Amino acid sequence: MKNIYALLFMALLVNSTVNAQQDEKTDSIKHYQLEDIEIKSPKYNRNIFNIPAAATMVPERLIENNGVEDLTGVSAIVPNFFMPDYGSKLTSPVYIRGVGNRINTPSVGLYVDGIPYFEKAAFNFDFFDIQQIEVLRGPQGTLYGRNAMGGLINIISRQPGDERFTEITTDYGNYNQLNAQVSHNQPISKSFAVLGNLGLRHNDGFFTNQYNNKKADELDSYSGRLKLLFTPGDRFKATGNVQYEDSRQSGYPYAIYNDETNEISDVNYNRESGYDRKLLSSGLNLAYAADNFQIRAVSSFQSVNDEQGIDQDFTTTDLYFVTQDQDIDMFSQEINIQSYENETYEWLFGAFAFHQGLDKEVHLEMGEDQLANMPFTEYSYTKYYDNSNSGLAFFHQSTLKFGEFSLTAGIRADYEKATLDYVYDRSLNGNLKNEEAFESDMDFFEILPKLAVKYSISEYLVPYATIAKGYNSGGFNSTFEREEDRSFDPERSWNYEAGIKTKWLKQRIYANLALFFIDWDNQQIYQTVPSGTGSMLTNAGKSESKGVEFEIKALPAKNLETWLAFGYNDAKFVEYEKNENEIYNGNYLPYVPRFSFNMGGNYTIAVNSGWLEQIRLHLTYNGFGKHYWKETNIAYQDYYGLLNSRISFDTKNIQLSFWGKNILDAEYNSFYFQAVGNSYAQSGKPATMGVNLKVNF
């Protein structure tokens, strides 16, 4: 049945393409153009042809058509971007061109409506009312700091406006998937408007725990956003926003994995697990437009409060159960002054400061089966972490223009201080003992330069080249068992990139090509602690990543949009000798697909008869190349592809859509890790189908 469904949609797309080509032949005087791509990331805010870097902008219609519900869905659209499905919102590793971290500080920057997200536990939040998503690949540290070593993600939600509207969206699919949202914009006066959003998301779970015959990954999430816009005059603008999400997940669909055969068992463990998170993000953006420059001030506060309970061994044997409570608060303040675009010289100066505090408590309890082999009847320990990171940075960027040639140079001075207060208490047969306590601090200072050249052969034919330094600060591991594992060092990289962006055939085809080479030292590598009951970061010696990215979008006929995005990434350890018995020189980096691609099309059939205005067809295929799960390069995920579709029927105020994801039910694993001497994996989500109803009034 699923194959018939897929073939039906492919036939519809092929038929639409033929009809569109026939329509074009009979109406050759009409010209259909691709819209301009505007990158609105803070400190850029210009046409993509004026940015000397590889960038992808995902508009609202593609977010909707691809059913992108959170950041993991971007992996299917952007080349050399990979975010594996971890199984909960706790840890959200993001990789761009092979650069990324499984735990601790992210190596990829994330901004949502101008607010920086520094904490990995905040990356995976529910999307609603998103206007566009931008991904800038390659180091963006000169303008955005150490969190942007691999690149930058900028997410922009709908802004308040001067027209009143209400939009209600309800989505329902198999596995009892429910996603409902309501948005309302209300102008209060000519200078003041308010936009409010409410959303809920639920699914019963996709995988069953064989031990108790319950779903292992049920999800309930409730979210809301309030945005205020105040424009008292032509020169001043103030935007405030508050976003809150309360999500509750029932555990993790992890199962024993055989590294030699690359086969996964059924989910089957005895202790129910879960992850609950409360996420609050707020920000105030102030902008003043003078005659020759603009001043911006961005203040933000983010709070993450979460609780995790996890069966550490994920088997029917009662070995270990771990609970973890975290309270994270982050404040940031940025002020920058920037000139407007002009024909000779552009400049930007700025300062950025932040403070992030983490209070974390980890409690491990030994299970009955493990205690049966021990000379004691009760064993547990609790570790307390009071960790803080504070930073201050000053940055500048100048662009000189000589006719069609431009030279951009930037520099950032970045200082950071990290502290850790640590207490380790152990209970043996009910006797509590303090095993260890200490206070420690570390300082980091880095200069991040950037140099880029661009030559506009024409308005829509622009080659460029960029050299930029990437940096991710060191810090303290939140789990460690040996003195040498207490902290990890900074990682540094140099990114060399050359590319070209172009439009041709009367702006009906857009394409960009980028070649890159990344050379970095002390790469921060995820490792399991010696006991297997936790994870930490260590440093590899030297790594390299090189590859190519190609994107093309075309309007071959009226109402038909097609695209292809392809990324190839060859990322390896150059020097990584963990010890004399574990030497990984020449091995591929974990969690980096060798290639990925996305191809598809949208076709609109104009009906304009009675109540129905148009029918929109969407079909896309995403392919992910072989990638290894760990540095040994033994366990891996081979190539897999996902076919997705959507058909929408539109009237003036109502849209009814039918969608399918992974409609061929491809089998693959989305995540892998090791613990307590075993390997575990999570299967990718099966075929899902559903219906969506959107009403505007």
Side-chain angles (χ1 to χ4, degrees), residues 39 41-56 80 96-99 107-109 134-152 154 336-352 393-415 445-457 461-473 490-501 512-521 543-549:
I39 300 298
S41 295
K43 299 182 280 288
Y44 281 108
N45 196 26
R46 58 194 57 193
N47 189 284
I48 197 169
F49 284 92
N50 294 324
I51 299 175
T56 298
N80 284 334
I96 295 180
R97 295 177 172 176
V99 179
S107 299
V108 174
E134 304 161 357
V135 179
L136 284 81
R137 299 182 292 278
Q140 304 295 319
T142 302
L143 296 180
Y144 293 97
R146 48 90 161 158
N147 275 80
M149 177 178 172
L152 180 75
N154 186 48
N336 64 66
I337 177 171
Q338 183 177 15
S339 67
Y340 299 124
E341 289 188 67
N342 62 62
E343 297 180 353
T344 55
Y345 177 58
E346 299 171 8
W347 50 265
L348 181 150
F349 293 89
F352 178 81
F394 298 94
F395 55 91
H396 167 67
Q397 181 170 286
S398 287
T399 299
L400 290 170
K401 298 182 179 180
F402 309 95
E404 306 304 325
F405 177 83
S406 70
L407 173 66
T408 299
I411 192 167
R412 184 185 188 98
D414 202 303
Y415 170 78
F445 179 75
E446 197 71 23
I447 298 294
L448 299 173
K450 169 187 174 181
L451 184 66
V453 295
K454 176 174 70 71
Y455 183 74
S456 300
I457 298 174
L461 182 59
V462 182
Y464 70 90
T466 300
I467 301 174
K469 185 178 183 180
Y471 166 72
N472 197 6
S473 66
E491 57 180 343
R492 301 175 176 86
S493 71
W494 283 96
N495 184 88
Y496 307 89
E497 179 180 324
I500 187 169
K501 304 172 185 179
N512 69 74
L513 174 69
L515 305 172
F516 65 88
F517 175 76
I518 304 173
D519 180 14
W520 85 91
D521 296 320
S543 306
E544 288 182 354
S545 177
K546 52 184 178 289
V548 60
E549 294 154 356

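The structure presented is a predicted model; accordingly, all values stated were derived computationally and were not measured.
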Salt-bridge contact Lys469-Glu446 (side-chain N to carboxylate O under 4.0 Å): yes
Under 3.5 Å side-chain donor-acceptor pair for Glu134 and Ser41: yes
Salt bridge (Lys or Arg N to Asp or Glu O under 4.0 Å) pairs, two or more places apart, involving residues 43-53: Lys43-Glu334, Arg46-Glu346
Verdict with supporting geometry, Leu461 and Phe49, side chain to side chain contact (heavy atoms under 4.5 Å, CB included): CA-CA 8 Å; Leu461 182 59; Phe49 284 92; over 6 Å; no
Rounded distance (nearest 0.5 Å) linking atom CG of Leu143 with atom CG of Leu348: 6.5 Å
Contact check, side chains of Lys454 and Phe405, non-hydrogen atoms, under 4.5 Å: no
Reported OH-to-CE distance for the pair Tyr471 and Met149, which is rounded to 0.5 angstrom: 10.5 Å
NZ or CZ of Lys501 within 45° of Tyr464 ring axis and under 6.0 Å: yes
Spacing of CZ belonging to Phe349 relative to OG belonging to Ser398, to within rounding of 0.5 Å: 5.5 Å
Any Gln397 side-chain heavy atom under 4.5 Å of Trp347 side chain: no
Any Lys450 side-chain heavy atom under 4.5 Å of Pro139 side chain: no
CA sep, side-chain torsions, deciding dist, call: Phe517, Asn495, side chain to side chain contact (heavy atoms under 4.5 Å, CB included): CA-CA 6 Å; Phe517 175 76; Asn495 184 88; over 6 Å; no
Side chain to side chain, Arg492 and Asn472, heavy atoms closer than 4.5 Å: no
Euclidean distance, Phe395 CZ relative to Phe352 CZ, rounded to 0.5 Å: 8.5 Å
Stepwise side chain to side chain contact (heavy atoms under 4.5 Å, CB included) check, Lys546 with Ile518: CA-CA 6 Å; Lys546 52 184 178 289; Ile518 304 173; over 6 Å; no
Contacts of type ring pair (Phe, Tyr, Trp, His ring centres under 6.0 Å), residue Phe394, not counting sequence neighbours: none
Working for side chain to side chain contact (heavy atoms under 4.5 Å, CB included), residues Val462 and Ile500: CA-CA 6 Å; Val462 182; Ile500 187 169; over 6 Å; no
Shortest non-hydrogen contact from Gly470 toward Leu448: C-CD2, 4.4 Å
Nearest heavy-atom neighbours spanning Trp520 and Ser545: CZ3-CB, 3.8 Å
Counterpart residues, salt bridge (Lys or Arg N to Asp or Glu O under 4.0 Å), relative to Arg137 (two or more places apart): Glu549, Glu551
Nearest heavy atoms of Gly150 and Val108, plus distance in Å: CA-CG2, 4.4 Å
Thr399 and Ser406 side chains, donor-acceptor separation under 3.5 Å: no
Shortest non-hydrogen separation from Thr142 to Gly410 and the atoms involved: CG2-C, 3.5 Å
Distance-minimising heavy-atom pair for Leu136 and Ala55: CG-CB, 4.1 Å
From Leu451 atom CG to Ile467 atom CD1, the distance as rounded to the nearest 0.5 Å: 6.0 Å
N/O donor-acceptor pair under 3.5 Å between Asn47 side chain and Asn50 backbone: no
Minimum-distance pair of heavy atoms, taken over all atoms of Gln140 and Leu152: CG-CB, 3.8 Å
Distance in Å, Asp519 CG paired with Ser493 OG, rounded so as to fall on 0.5 Å steps: 8.5 Å
Check: Lys401 main-chain N/O paired with Thr344 side-chain donor or acceptor under 3.5 Å: no
